[in-house]
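This chain uses plain numbering: 1 for the first residue, then up along the sequence.
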Amino acid sequence: MSPRSVRAAGPAGTALRANPASTSSGVRGTAAPQTAPRDLAGTAGIARYAAPATAAVVFVALVALTWAAWGDLRHDTGYDFVAADRLAHGDLPYADFSYLYGPLGVGLLGGAFALLGTSVGVAVGVGLALAAAAVALTYHLGRALAGPVAAAVAAVLAAPAALGTGNVGLVVPHSISASVAVVAALSGLSAAYAHAGSGTRRSLVATGVAVGAVALTRPEFLAAIACAVALWLGLRWWRADAAGRPRALRDALIAIGSAAVLPVVVYGAAAAAAGAGTLRDDLAPSSQLAAGGKKILEATAPLTAGSFAKLLGHTLLYGVLIAAILGAAALAHRRPKLRPFVLAGAALVVAGLVVVALDDPEAARSKLEFAFSWIPAGAAIAVVALLAGARHRDRAWDARGQLALLVCAFTAVLAAKTYAAFLPQPNPDFAQYATYALPFAALFLVWLHAEAVPRGDTLTRALGLAWVGALAAVCCVLVAHDARDESVTVRGPGGALHAGAADGPAYQAAVDAVVARSRPGEPVLFAPQMSALYTIADRTDPLPTISLLPGALPAPADETAAIEHHLGDVRVAVTDRRPLTEYGQGAFGTTYDQRLMAWLRSDFRIVATVHGQGQNAETLDVWQRKPS
């Protein structure tokens, strides 16, 4: 995409008019009269009801198709199950146990466990509510940007990310902080849009509170919403006349003050309980980064010339697609007789993509890189183009235009963290952390293809939405395919989740062995991860460090302290032989946590070795303490 594709176009796709509107605040154009977002000709009445119904039906269908297949028992899934259970029983994150994320998500899940009991089912219920909220908010913002049909397309594209079956997704994510961050950020954008249209202080305070809530989740989401809201407030101040600038400044201070309250109070209390140093070490775990965590960050954002060149190439390639859409529409306008053929060609492309996804899902998955990987650069280009138009005080800048800037800025900043691997499609084998950005990327895509590029042309809009709709359909097919492959149910007293044949039989055998050899609630050790098995087996994690990823116990002395102070009552342990190549490490007890492995070999004996099935089958050792 090039700046020219949105240059001189208003944020809602209309030409920026030299007819300023002023409110009592003196901010020009912030409450300009709005026309409804254009929709496909002749569909407005039908779309009003059919579009949200379609999005809801797709979401419910995907819930049914992916039921219990969410999460990945090999990785972080279950980390928050353990943390929330501890919170429900009176322990505090950072003070009583190590916790790597902001406290809002685990606080929500901990409250649910306190009310309803700790189980996989309760966690799934909370996750489904968050996933539904994310898709609904995506629809709401998509409708504000580009009308109901575009909103339905955006919501359907967000649904497979929300219901992803791998280690990322909003139902059973690697950390519930991500699910809550998505919902809180979407809520913040919605509140900012409401303020842009109404100018009420209540909506401005709601925007600030949402930003504060995001601050209690994940730093990359905080950076994205803080940058987007700051840019928006700053531009509102810039566009105000001399009389309106004091009001615009007061608005900014209200938003900043509202945003600061939650994090200052919550993190202040956490620092008082745990100590500022402990809080800092948990939220910025330098030892885990040094032990291999930084390799994951470098894989998605290596900051190399080659990675930037690849991003530029993908952006230019997507620009060719946009040019093709514009060319096809122009040809149909010049020769009206060709219009049916252009529409038929678009339909064939959409159908072809879906057929390929159904016939060969992995081929479709690999090709989706070209549809998504350009978005970090594309959203940044869109921000520059929107700023170039909105900085002129004599041009209208309505609420929809302000929302477009907020969405593009948020997407650009959030996507920067994974700019070299922005592949937010379902992938059961490798966690695509850009998946969490897909609701925002979906909004950016429908705004681009339904408003910015068409600039009022209904045929261009139809072709663009058909393309984004095809991407949404392919992602839905892929997530359903991935769920079907998770054919093994891992079940225990605390609930059940599904896994693939390579892993599931091993996890089920491990759960069965733990249940047979220990009592409910008894401390057992699953290492280095497999945290979900604590909840499934209804057993207790004995360590304050919930998982034993490389660097969690940074020094041999820390391992010795863990053995002496926390593992004395452990009679059963399960260890994973899988090497952590993504961290640049071997298996547990080989390149890290060697003292823990030596303790197991000294005080325990292997009573069972269990395996999954097929290629890359999981292998787990079940240990029983030797008689004293």
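- To the nearest 0.5 angstrom, L231 atom CG is 8.0 Å from L406 atom CG.
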For C476 and L62, run side-chain contact (heavy atoms from CB on, under 4.5 Å): C-alpha distance rounded to whole Å, both residues' side-chain angles, the deciding distance at 0.1 Å, then the answer. CA-CA 7 Å; C476 288; L62 281 181; 3.8 Å; yes
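- Remark: the backbone N or O of W397 is paired with a side-chain donor or acceptor of Q402 at under 3.5 angstrom.
- Counting heavy atoms from C-beta outward, L311 and S373 have side chains that stay 4.5 Å or more apart.
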Using the side-chain contact (heavy atoms from CB on, under 4.5 Å) rule, take L321 and L317 through it: C-alpha gap first, then chi angles, then the decisive distance, then the call. CA-CA 7 Å; L321 171 69; L317 185 62; over 6 Å; no
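- Residue L403 forms a side-chain contact (heavy atoms from CB on, under 4.5 Å) with just one option from L443, L145, D398, and that option is L145.
- Put simply, the side chain of T77 never gets that close to the backbone of L73: no donor and acceptor are under 3.5 Å apart.
- Judged by distance alone, the side chain of T66 and the main-chain N or O of A69 form no donor-acceptor pair under 3.5 Å.
- Atoms CZ and CG, from R455 and L326 in turn, are 10.0 Å apart once rounded to the nearest 0.5 Å.
- A pairwise comparison of heavy atoms in A399 and Y193 identifies O-CD1, 3.5 Å as the closest pair.
- Not less than 6.0 angstrom separates the ring centroid of F440 from the ring centroid of W447.
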Before giving the answer on side-chain contact (heavy atoms from CB on, under 4.5 Å), spell out for H75 and V168 the whole-Å C-alpha distance, their side-chain angles and the decisive distance to 0.1 Å. CA-CA 10 Å; H75 293 107; V168 294; over 6 Å; no
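- Aromatic ring pairs are classed by plane angle as parallel below 30°, tilted from 30° to 60° and perpendicular above 60°; the pair Y318 and W467 is tilted.
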Applying salt bridge (charged side-chain N to carboxylate O under 4.0 Å, His left out) to D360 and K367, what does each step give before you reach the verdict? CA-CA 11 Å; D360 191 347; K367 297 302 184 291; over 6 Å; no
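- Using a 4.5 Å heavy-atom threshold, the side chains of S187 and L137 count as touching.
- Considering all non-hydrogen atoms of both residues, P439 and A158 come closest at CA-CB, 4.0 Å.
- H449 is listed as a side-chain neighbour of I322, based on a closest heavy-atom distance under 4.5 Å.
- Contact annotation: the side chain of E362 approaches that of H481 to within less than 4.5 Å [non-hydrogen atoms, C-beta and beyond].
- R143 places no side-chain N or O within 3.5 Å of a backbone atom of P148 that could act as its donor or acceptor partner.
- Distance check: W232 CH2 to L189 CG gives 10.0 Å after rounding to the nearest 0.5 Å.
- Taking a cutoff of 4.0 Å between a charged side-chain nitrogen and a carboxylate oxygen, D503 and R578 do not qualify as a salt bridge.
- You'll find the side chain of L163 reaches within 4.5 Å of the side chain of V63, heavy atoms only.
- Of the possible polar contacts, none joining the S190 side chain to the L186 backbone as a donor-acceptor pair under 3.5 Å is found.
- Note that OG1 of T460 and CG of L465 are 11.0 Å apart. Values are rounded to the nearest 0.5 Å.
- Of the inter-residue distances, the one linking M530 atom CE with R74 atom CZ reads 12.5 Å to the nearest 0.5 angstrom.
- A pairwise comparison of heavy atoms in L423 and A434 identifies N-CB, 4.0 Å as the closest pair.
- Rounded to the nearest 0.5 Å, atoms CG (L386) and CG (L235) are 10.0 Å apart.
- For L459, the side-chain contact (heavy atoms from CB on, under 4.5 Å) criterion is met by A329, A332, H333, R339, L343, D457, L463, not counting sequence neighbours.
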For residues 170-181, please give each side-chain donor-acceptor pair under 3.5 Å, one per line with the distance, not counting sequence neighbours.
unit_1: H174; atom_1: ND1; unit_2: Y436; atom_2: OH; d: 2.8
unit_1: S175; atom_1: OG; unit_2: D80; atom_2: OD2; d: 3.3
unit_1: S175; atom_1: OG; unit_2: S177; atom_2: N; d: 3.2
unit_1: S175; atom_1: OG; unit_2: S177; atom_2: OG; d: 2.6
unit_1: S177; atom_1: OG; unit_2: R218; atom_2: NH1; d: 3.0
unit_1: S179; atom_1: OG; unit_2: L170; atom_2: O; d: 2.9

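- Taking both residues in full, the closest heavy atoms of I225 and G188 are given as CD1-CA, 4.2 Å, listed atom of the first, atom of the second, then distance.
- Panel note: side chain Y419, backbone L303; a donor-acceptor pair is recorded below 3.5 Å.
- At least one donor-acceptor pair closer than 3.5 Å links the side chain of T207 to the backbone N or O of A192.
- The side-chain heavy atoms of F422 and T300, taken from C-beta on, include no pair separated by under 4.5 Å.
- Around atom CZ of F341, no more than 12 heavy atoms belonging to other residues, nucleotides or ligands sit under 6.0 Å away.
- A donor-acceptor contact shorter than 3.5 Å links the side chain of W374 to the backbone of A371.
- Residues G500 and V488 come closest through the heavy atom pair O-CG2, 4.1 Å.
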Working for side-chain contact (heavy atoms from CB on, under 4.5 Å), residues Y101 and T217: CA-CA 6 Å; Y101 310 105; T217 58; over 6 Å; no
Apply salt bridge (charged side-chain N to carboxylate O under 4.0 Å, His left out) to residues R400 and E451 and explain how you reach the verdict. CA-CA 11 Å; R400 198 160 62 250; E451 296 293 330; 5.4 Å; no
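- Looking at heavy atoms from C-beta onward, Q529 lies in side-chain contact with L549 at the 4.5 angstrom threshold.
- Within the 4.5 Å cutoff, no side-chain heavy atoms of V356 are placed close to those of V474.
- Considering every non-hydrogen atom in both R461 and A146, the closest pair reads NH2-O, 2.6 Å.
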